[in-house]
Each structure stands twice: as C-alpha cells, then as structure tokens.
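Taking it in order: structure first as structure tokens, then the write-up.
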Amino acid sequence: MNLPPHIHFIQRGWVSSNSIIVSGGDAPAIVDTGHHEDVAETMRLVGQCINVADLRLIVNTHCHWDHIGANNVIRAASGALTAASQATAHILVHHDRRAMWLDYFAADAAPVTVDITWQDGDMVSVGGYEFEVVATPGHAPDSIALYQPETRLLISADALHEGDCGILNTIVHGDQVLDQAIATVARLQMYDIALALPGHGGLITDVPASLNALAGRLAEFKRHPEQMAMHLLRRVAMTTVLMQQPMHRAALVAYVLARPWPHDYAPRAGFEDPEKLIHHLLDSFIHKGLVVETESQLTSLVPR
Ligand SMILES: [Zn+2]
C-alpha cells in the first residue's frame with residue numbers, strides 16, 4: 001500500500017525521530033518533531049512538505065527527548081496547539097528529565113506546553129483524518145499510536161519499528177515495561193493494519209510479519225533479560241557516539257562513565273565493570289564496521 005497523498009512521512013537518521021505531516025483538511029498536523037539539536041534540519045524537511053505557518057496541531061506520541069525537539073519552534077512559527085496523552089502531558093509539563101531520557105545524554109530540551117490531552121480509545125481529528133488513539137505502553141509508559149481505519153494506516157511511533165521496538169528502559173520506566181510491550185504487540189495484532197509509520201526507520205509494509213518478529217524478540221528478552229539490556233546499551237551507546245563524534249576514545253569513555261546508563265545497565269548485561277562494558281560496545285561497533293577508529297579518534301558511519 002502507498003501512502004495516501006495528504007500524508008507525508010519524513011524519515012530521519014538514527015538520532016531524531018521521524019515526523020509525519022497529515023494535511024488532508026484545513027487544520028494540518030505534524031506528529032513528532034525530532035531532537036532539539038536537529039531543529040534547523042527538521043524545519044527544512046517539514047518546509048518541503050508544507051508551509052510551517054499552516055500547521056494547526058502538533059502531536060507528540062510520547063515524552064522522549066528525540067520526539068519533541070522542534071515543538072517550540074513550530075509552535076512559534078504557526079500557533080499550532082499541542083496534543084498528547086495525559087501521561088505524556090504530565091511528564092512534559094513537569095519537565096521530568098529522567099522520564100524524557102535527557103539525563104542519559106546530558107541533553108536539554110525547551111519546555112513543552114500541551115494544550116489537548118487524549119485517552120486510549122478516543123477518536124480524534126488529525127490533519128483532516130479521523131484516528132483512533134491506541135495506548136501502546138512498553139518502550140515508554142505514556143506512548144500512543146494513531147490508527148486510521150479507512151486507510152488501515154498506523155502511526156506506530158516507537159511501539160513498532162521494523163521487526164523491533166524502541167529500547168525497553170527497565171531502570172527508568174520500571175520492570176513492567178517488557179510485559180507492557182508484549183501486551184501492546186498482542187493488541188496491535190488485533191488491528192487490520194496495511195501500513196505502519198514508525199518513529200524510527202522506514203515504512204513497514206508487512207505489518208503482521210513485523211509484529212510477529214517483534215513478538216519473537218520480546219519472548220527472547222523474557223527468557224534472556226541480558227539480551228534486552230544489550231539491546232538498550234547498543235542503541236544508547238550508538239546515539240552517544242553520533243552526538244559526540246569525532247571524539248578520542250579515552251574522552252568518550254570518560255564522558256559515558258559520567259552518564260547514568262552504563263552504571264544502570266552493566267550488571268543487567270552481565271558486566272561487573274562499566275568501563276569494560278563501554279570498550280566492549282565500541283569494539284563491537286568497530287568490528288561490525290559501524291564505527292571507525294583512526295588514531296584513537298572515533299567516528300560513526302551510521303547516518304545521524
Ligand atoms: Zn522513544
């Protein structure tokens with residue numbers, strides 16, 4: 001299935017979330033706005049799809065830092081209101097740095113205002129289309145997806161990537177996140193979905209296969225929790241390399257050791273020493289050709 005003509009999918013690199021523009025009516029909307037360091041590029045990409053001043057609604061699928069970065073700039077340029085789940089609104093309005101994962105990356109984000117709050121099961125108008133709000137806890141406790149019944153299209157955010165989901169952060173969001181993610185997959189499997197628009201990565205055209213693959217991965221995590229910890233560590237470490245590069249290995253290791261995540265997750269991944277864990281992660285990136293090390297300077301080959 002192709003995208004309907006009034007829905008634009010803006011696929012980004014590793015760090016910023018994808019953005020989706022829905023412009024089927026007289027109140028165009030954008031779903032998720034990337035990372036704040038990428039605001040200029042986000043505005044350029046959004047401007048290729050729509051006159052930013054015409055946007056009337058910003059939707060945030062969840063509270064994480066890489067989905068809210070251009071909210072304020074778009075709001076200032078357009079007067080668009082912001083909609084999110086009640087749980088997302090609570091986190092954003094209180095600027096809960098831990099829940100937003102800002103502390104994991106020593107990052108910042110401008111304060112976000114939320115004007116409209118949605119609940120699971122609400123039918124809402126987004127850019128001229130009626131969508132069902134589907135609560136999708138797991139990757140984030142406050143996550144929502146948006147399902148459009150006529151086009152059988154799901155804006156899945158980080159609840160479903162291609163055969164995967166966003167990282168499961170048991171330390172920040174609680175040990176229940178894995179069971180929540182498993183229940184979310186089971187719920188999404190009840191929907192008739194022809195196309196999914198994820199928060200990271202490309203369009204998902206075989207949604208049942210992707211959900212099955214994710215269900216299998218989550219079942220593995222249930223049997224082997226250390227794999228879930230490594231899934232998180234690889235992604236957080238790559239994000240860190242992408243944001244700090246080029247950086248000398250010793251400086252990068254010192255930088256990472258000052259963040260909470262290697263200490264949070266080294267024991268869960270089976271490493272007693274967080275420093276050994278960081279070297280292991282960097283070495284595995286180099287071995288896979290994802291990062292190059294020249295004169296101890298680390299640079300990632302993954303698109304940022
Ligand atoms: Zn996320």
Side-chain angles (χ1 to χ4, degrees), residues 9-20 30-38 42 58-71 82-85 87-92 95-109 112 114 118 133-146 154-174 176-178 180-181 184-185 188 196-202 204 210 214 217-218 221 228-229 231-240 242-243 259-261 264-265 304:
F9 180 65
I10 303 175
Q11 186 177 340
R12 306 298 292 274
W14 182 283
V15 175
S16 273
S17 70
N18 298 330
S19 292
I20 294 147
I30 181 168
V31 181
D32 288 338
T33 66
H35 174 50
H36 82 118
E37 281 187 10
D38 296 342
T42 302
I58 301 165
V59 178
N60 291 127
T61 57
H62 61 293
C63 66
H64 290 153
W65 67 319
D66 55 327
H67 291 252
I68 60 169
N71 269 37
T82 304
S85 74
T88 301
H90 185 82
I91 291 165
L92 293 179
H95 204 67
D96 182 342
R97 291 186 53 88
R98 184 173 158 84
M100 293 161 76
W101 295 2
L102 291 169
D103 289 340
Y104 264 42
F105 302 96
D108 237 319
V112 172
V114 179
W118 292 338
V133 176
V134 185
T136 51
H139 163 73
D142 57 312
S143 275
I144 53 169
L146 295 168
L154 182 79
I155 296 175
S156 62
D158 292 350
L160 177 66
H161 301 160
E162 181 71 70
D164 200 353
C165 65
I167 59 183
L168 297 171
N169 196 332
T170 49
I171 301 261
V172 166
H173 294 311
Q176 79 290 345
V177 295
L178 178 54
Q180 287 179 335
T184 286
V185 170
L188 292 177
L197 289 67
H200 297 270
I204 303 169
S210 199
L214 174 56
R217 184 186 284 267
L218 296 175
F221 287 172
M228 180 166 61
H231 180 257
L232 174 143
L233 284 162
R234 281 193 296 269
R235 281 157 180 73
V236 175
M238 180 56 78
T239 303
T240 304
L242 285 165
M243 296 190 69
R259 309 278 80 76
W261 55 268
D264 284 349
Y265 279 97
R304 185 178 186 279

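When a residue number appears, it is its place in the shown sequence, counting from 1. Predicted model only: the values in this text are computed from it and were never measured. Atoms within each ligand, like the ligands themselves, are counted from 1 in listed order. Basis for what follows: all heavy atoms, side chains included, without hydrogens, waters or symmetry-related copies.
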Parallel, tilted or perpendicular: rings of H139 and H64 (30°, 60°):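 Perpendicular.
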Results of salt bridge (Lys or Arg N to Asp or Glu O under 4.0 Å) for D103 - residues two or more places apart only: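 Counting only residues at least two positions away or on another chain, D103 forms a salt bridge (Lys or Arg N to Asp or Glu O under 4.0 Å) with R97.
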E37: partners by side-chain hydrogen bond (donor to acceptor under 3.5 Å, both in side chains), with sequence neighbours left out: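 E37 satisfies side-chain hydrogen bond (donor to acceptor under 3.5 Å, both in side chains) with R304 once adjacent residues are dropped.
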Residue and atom, protein N/O/S, under 2.8 Å of the Zn ion (ligand 1):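 Sorted hits: H62 NE2, H64 ND1, H139 NE2, D158 OD2.
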Side chains of N18 and D32, donor plus acceptor under 3.5 Å: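 Distance-only check fails for N18 and D32.
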Partner set under ring pair (Phe, Tyr, Trp, His ring centres under 6.0 Å) for H231, not counting sequence neighbours: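 H231: ring pair (Phe, Tyr, Trp, His ring centres under 6.0 Å) contacts with F221.
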Nearest-0.5 Å distance, OG1 of residue T240 to CZ of residue R235: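 If we round to the nearest 0.5 Å, T240:OG1 and R235:CZ are 13.5 Å apart.
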